[in-house]
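Let me begin by presenting the structure, written as structure tokens, before commenting on it.
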Amino acid sequence: MLVLINKYLRSKNPAGGGGGGGGDEMAPAASNGAERDRDLYLCLPGCVPVRAKRGAAAAAATVTTTARTSRHNFVKSAASGLLAGAHFTNHESLPALPDAYAEFAAAFPLYGALARADAIRGEEYQHLDRHVCLDYTGINLFSHAQMNSSLPSTSSSAAPSVAWQPPFFDIAYKSASLRAQVQCGDAAAGIGAAVTRRIMASLKIPEDEYTMVCTANRTTAFRLLAESYSFQSGRQLLPVYDYESEAVAAMAESARRRGAEVTSASFAWPSMRIHGTDLRKKLARGRRRGGRRGLFVFPLASRMTGARYPYLWMSAAHEQGWHVALDACALGTKDLDTFGLSLIRPDFIVCNFFKVFGENPSGFAGLFVKRSSLAALERSVIARSIGIVSIVPARRWSLHDGYSTELEHSRSFPKLADPALDDADVETTSSFSGPLSSTAITRSRNLQPDAAENGDAPEIREVDAAEFGGFYTDELREQNGGHETEQLAKDEGESVMEVECRGLDHADALGLIAIGNRLRCISNWLVVALQKLRHPHAESGHQLVRLYGPRVKFDRGPSLAFNVFDWKGERVAPPLVQKLADRHNISLTCGFLRNIWFSDKYEVDRAAVLEHRAAAGDEGAVVAPGKRRKDAGGDVGILVVNASLGFLSNFEDAYRLWAFVAKFLDADFVEKERWRYTALNQKTVEV
């Protein structure tokens, strides 16, 4: 971040973009007033730029020199101190785990001081030793030990009840518009308010400036915001994403239907950094129309490639008259500590929360609305049925109750399952890490296909007020003036309740710096290690793995996008890599990189790397690159494998992924795996 700010200050033509055809991701141009006084920028903790007087130039130079030296030394240690001079052409030639860790610890001595994270993992998350979880993004609420404990999980003076045993809470859908929910809010007492308070305290989001609205999931939060935002004639939606996102697609669909113009940022190949010149032009477009331009959706980091983007883009968007929505779902557990809400305040923030890292992906999303931005929201009949939820006390799970917060069930309540269902009829695998717990298996029996996916109206069922804290329409909420706490306080106790969220507690105990340093070391080691794998006897020295996005970099994110290639240089299908990884107890995901911009220097790479998405009916299928229009967009991109490290990931997780990928150095690995599972009477992996 500091390097980008310094480049911006030294640029001779800030508004015109950098060299290299405008592909550099430079800090956005300052406003006219800022250009006149030419203030310097200092980097406070978290690299949030603030204005400083000219007299601080010497201090700024000292900070800059120290930061640059530190970053340079880190990159140098990673590039030269890890597996120096080694290339591996056989998976059996990889160093053993203890030897690899010894070299890793020598290259990154700082990692040894972060042993507390390993201690927490060993005590509270022992299930992670059985399965490598590289497919979770979001914020972890509870620990595995807490979820499997019979101890009460609240500090309320009231005697614990059955409802407070794991999994601690359920969600109940309600009919309310986003604007009414922000104005009236939920009851101030009970588990919902307790969870909200705990989350906002951990994220350091001030309760006097923001209101947290719970939604079923991330996609629901994005769609709810699009249906509620005042997309008047001429307003725009400008998302900044280098990959295909279901949530962003749902938001764009709603915005277009309401008359908004939807454009997207582009990303320069091969670094996958924001194409700065292009984004500056899009932010400035329509300035003469007056008023707000529209909604700028900014993620701060790529969920796929790990590329990080400067905070200054949000400041530039505000200066250009945009409302800003920060997508914090791809950020780490404590990354919002760097945000400096007192300096750069987005109008909306979206976060994703799940119960247990590596086992229970159920949970909800939080849409934080800035109270001063309430005027940007409209009341919408459609928005009332999208998926605002209340957090309610959990009930004992049985075949006759339960609610789903998973993506494919976000808009409807599950129907009752057949009590006669046999265990063999229940799919016990998950798209998330690890085997499902017995609780989750019981829940899976209740889940039915989502009618909303077929265009049916979402089903909203009234919730018993005495049991779930009330079911209110906008009219009732306004008649009550937002005072809904009296009955709920009687039901759940007069005292203010506090919920113990050990997942949040562990992240708070480790802190931003420790978590950041830990993931920085592991992710950069994995980048180096993957690039050391090469096919044997290949005249051109084909690398086994191709990475997309930043390589070894101090401020890269904890996500990697890559593809595996065979000895002939042909890509192994990413879904196949994902399936085989799951057979080896490693959970990965697949993604589709898009919005890629090629400068003249890299134009020759366009035909070699881009591919067409197949028809909508053939999900995941792609058309071989090389036969497409040069200006094709939307469905043109790169299908990749993704691995995302969490704050509980350790070096062994990265090593196990490396060892698995190295197995593809064996030309017969895929065929051996297919016959192996056929012989074991399991499902054949389609090649």
Side-chain angles (χ1 to χ4, degrees), residues 78 82-83 86 88-105 107-108 111-112 114-115 117-122 125-137 144 306 356-359 429-435 518-534 543-545 547 558-564 572 574-590 640-666 669-670 672-673 676-677 685:
L82 296 175
L83 308 172
F88 302 98
T89 60
N90 190 311
H91 69 278
E92 296 179 350
S93 64
L94 301 185
L97 175 61
D99 297 334
Y101 179 77
E103 184 178 26
F104 168 79
F108 301 123
Y111 186 86
L114 307 175
D118 290 323
I120 291 175
R121 170 170 165 153
Y125 304 88
Q126 296 182 4
H127 66 295
L128 296 179
D129 295 334
R130 302 187 298 269
H131 199 98
V132 178
C133 305
L134 302 176
D135 59 345
Y136 271 70
T137 54
H144 181 264
V356 179
F357 179 81
E359 183 182 75
T429 60
S430 172
S431 60
F432 288 85
S433 298
R518 178 183 177 88
L519 295 180
R520 180 177 298 115
C521 295
I522 297 174
S523 60
N524 279 282
W525 176 88
L526 186 56
V527 168
V528 173
L530 289 175
Q531 294 182 102
K532 295 291 184 178
L533 303 176
R534 294 182 179 273
Q543 285 189 328
L544 177 68
V545 176
L547 295 168
S559 298
L560 283 80
F562 65 94
N563 271 319
V564 178
V572 181
L576 176 59
V577 176
Q578 181 187 19
K579 290 178 182 179
L580 293 177
D582 188 66
R583 302 289 190 182
H584 288 77
N585 295 321
I586 301 174
S587 293
L588 303 171
T589 58
C590 293
V640 298
V641 181
N642 170 257
S644 297
L645 300 169
F647 84 102
L648 292 170
S649 300
N650 60 13
F651 175 79
E652 184 177 352
D653 293 338
Y655 178 88
R656 289 174 62 180
L657 174 60
W658 184 45
F660 162 72
V661 174
K663 293 181 181 295
F664 287 89
L665 291 170
D666 181 355
F669 171 65
V670 174
K672 290 177 181 177
E673 288 294 303
R676 174 189 173 194
Y677 288 101
V685 177

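Here the structure is a predicted model, which means the values were calculated and not measured. Sequential numbering from 1 along the given sequence is applied to the chain's residues.
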- Work out which heavy atom in Pro95 is nearest to a heavy atom in Asp99; give both atom names and the distance. CB-CB, 4.4 Å

- Do you know the tightest heavy-atom contact between Pro558 and Ser523? CA-CB, 4.3 Å

- Query: Would you say the side-chain atoms of Thr589 and Asn642 include a donor-acceptor pair closer than 3.5 Å?
  - Reply: yes

- Task: For the residue pair Val564 and Val641, establish whether any side-chain heavy-atom pair is separated by less than 4.5 Å.
- Result: no

- His144-Glu359 side chain donor-acceptor pair, cut-off 3.5 Å: yes

- Task: Could you please spell out the steps behind the side-chain contact (heavy atoms from CB on, under 4.5 Å) verdict for Asn563 and Val572?
- Result: CA-CA 7 Å; Asn563 271 319; Val572 181; over 6 Å; no

- Can you label the angle between the Tyr125 ring and the His127 ring as parallel, tilted or perpendicular, going by 30° and 60°? tilted

- Note on the structure: In this structure, CD of Glu673 is separated from CG of Leu576 (nearest 0.5 Å) by 9.5 Å

- If we only count heavy atoms from C-beta on, is the Cys133 to Leu128 side-chain gap below 4.5 Å? yes

- Name all residues meeting the ring-ring contact (aromatic ring centres under 6.0 Å, His included) criterion together with His91; count only those two or more places apart in sequence or in a different chain, and write none if there are none. none

- Query: Among all residues two or more places apart in sequence or in another chain, which pass the side chain to side chain contact (heavy atoms under 4.5 Å, CB included) test with Asp129?
  - Reply: Arg121

- Message: I need the minimum non-hydrogen distance between Phe669 and His584, along with the two atoms involved.
- Response: CZ-CE1, 4.0 Å

- Message: Is the shortest side-chain heavy-atom distance between Asp666 and Lys672 below 4.5 Å?
- Response: yes

- Query: Are the side chains of Val661 and Leu530 in touch, meaning some heavy atoms are under 4.5 Å apart?
  - Reply: yes

- Query: What class does the angle between the rings of Tyr111 and Phe104 fall in, given that below 30° is parallel, 30 to 60° is tilted and above 60° is perpendicular?
  - Reply: perpendicular

- Donor-acceptor pair, side chain of Arg656 and main chain of His131, under 3.5 angstrom: no

- Query: With a 4.5 Å limit on heavy-atom distance, are the side chains of Phe660 and Val577 in contact?
  - Reply: yes

- With under 30° as parallel and over 60° as perpendicular, where do the rings of Trp658 and Tyr655 fit, or are they tilted in between? perpendicular

- Message: What I want to check is whether the side chains of Thr137 and Ser644 have a donor and an acceptor closer together than 3.5 Å.
- Response: no

- Going by heavy atoms in the side chains, are Val545 and Gln543 under 4.5 Å from each other? no

- Taking every heavy atom of Leu519 against every heavy atom of Gly646, the minimum-distance pair comes out as CD2-O, 3.1 Å

- Locate the shortest heavy-atom distance separating Leu588 from Gln578; write the atom from each residue and the value. O-NE2, 3.0 Å

- Note on the structure: Heavy-atom closest pair (Arg534 atom, Leu665 atom, distance to 0.1 Å) is O-CD2, 3.2 Å

- Item | From Leu114 atom CG to Ile522 atom CD1, the distance as rounded to the nearest 0.5 Å | 9.0 Å

- Is the closest side-chain heavy-atom distance between Asp582 and Ser587 below 4.5 Å? yes

- Measure the CG-CG distance between Asp118 and Leu648 for me, rounded to the nearest 0.5 Å. 9.5 Å

